[in-house]
Amino acid sequence: MPNLAPALIEWYAANARELPWRQDGFSAWGVLVSEFMLQQTPVNRVIPHLQAWLERWPTPSALADEPAAEALTQWANLGYPRRALWLHRAAVEIRDRFGGQVPSDVDELLSLTGIGDYTARAVAVFAYGQREPVVDINTRRVIARAQHGRSQPGPASPRDLVEMDALLPDEPDDAAAFNAATMELGALICTARNPRCEACPIADQCQWLAAGRPDTGDTRRRQATYEGSDRQARGAVMRALRQAADNALPQASIVPDWPDADQRERAIATLLADGLVRARGDVLELPR
DNA sequence: GACGCGTGGCC
DNA sequence: TGGCCAAGCGT
């Protein structure tokens, strides 16, 4: 088994982007918030939202002491507003169960709402320097190519964690650098489309490149069309409530000219079920 | 394992 | 132009 870590760590030291959450002394809470925002959302869209969020709520308790509606409004157009709801719930849990301190233990992090295998280990590693495997789409793609000679990773699986763990250097600091470097390589060089293999520090160890970059048969899920979808309708409802006075509107005046009335009702019903909106008589509002 | 879930930029 | 893509999560 080739050892990818030395070349990746050296490359990262020279090529890592300067990102807010990589600054010295960036808080664990800041790392946690950044990881919530980065779930399925590009870095460049996250940065301004992250800074505004942390200025308003510098600690978990500061957020926990406000209603969820404030989190949903501050989340603005970042997308997947359930993340804002879950981040608010996690803040309440941190305040109530962990004395307001972001836990450093992976299992404790996993017990928080909205935190799964990736986010728990990202916080443990990047905020607390623990030796844990961090697996995201970038590391899975790098490993799929370098180790397995495949053009794209298969569906995410718990086995990915074991595989990444086996590649981890022994020293926690080296392991943290390896995690960050592998993610960064996937983000900058070993990208999903048009990878820049000529600039890759592990090109000489890459089975996919050695095999001539074959198209190995893509098993990734196709993304559903957004235009005309229920998701678009939900997004329109949430936008209307974010912008409304007191985050509340009579049901009849929520996106009243939406082209498909059944779809609008369906959107409201699922938003209610998800706890993203609440009914108060005839009025629909963000949860307080 | 597969699905539903936002939004915007890119080629 | 429109599909593809972006540091996933809970069910």
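Predicted, not measured: the structure shown is a model, and the values here were computed from it. In what follows, every chain begins at residue 1, and chains take the letters A, B, ... in the order their sequences are listed.
Under a 4.0 Å N-O distance rule, the pair A:R131/A:D173 does not qualify as a salt bridge. By the 4.0 Å N-to-carboxylate-O rule, A:R140 lies too far from A:D136 to be salt-bridged with it. Classification of A:E66 and A:R288 as a salt-bridged pair fails, no side-chain N sitting under 4.0 Å from a carboxylate O.
Residue contacts shown for A:R234 are limited to sugar-phosphate atoms, with no base heavy atom under 4.0 Å away. Using a 4.0 Å heavy-atom distance criterion, A:W21 is classed as a base contact. Contact annotation for A:R220: backbone-only contact, meaning every heavy-atom pair under 4.0 Å involves sugar-phosphate atoms and none involves a base.
B:dC3 and C:dC4 are spaced 15 Å apart, taking the P atom of each and rounding to whole Å. If you take atom P in C:dG2 and the same atom in B:dC5, they sit 23 Å apart, rounded to whole Å. As rounded to the nearest Å, B:dC11 and C:dA7 have P atoms that lie 15 Å from one another.
Residue whose closest nucleotide on DNA chain B sits further toward the 5' end, between A:M238 and A:R82: A:R82. When the nearest nucleotides of DNA chain C are assigned to A:T113 and A:L38 by heavy-atom distance, the more 5′-ward of the two goes with A:L38.
Contact between the side-chain N/O atoms of A:Q40 and the OP1/OP2 oxygens of C:dG8 is found at a separation under 4.0 Å.
The side chain of A:V43 sits closest to C:dA7 out of C:dC4, C:dA7, C:dC9.
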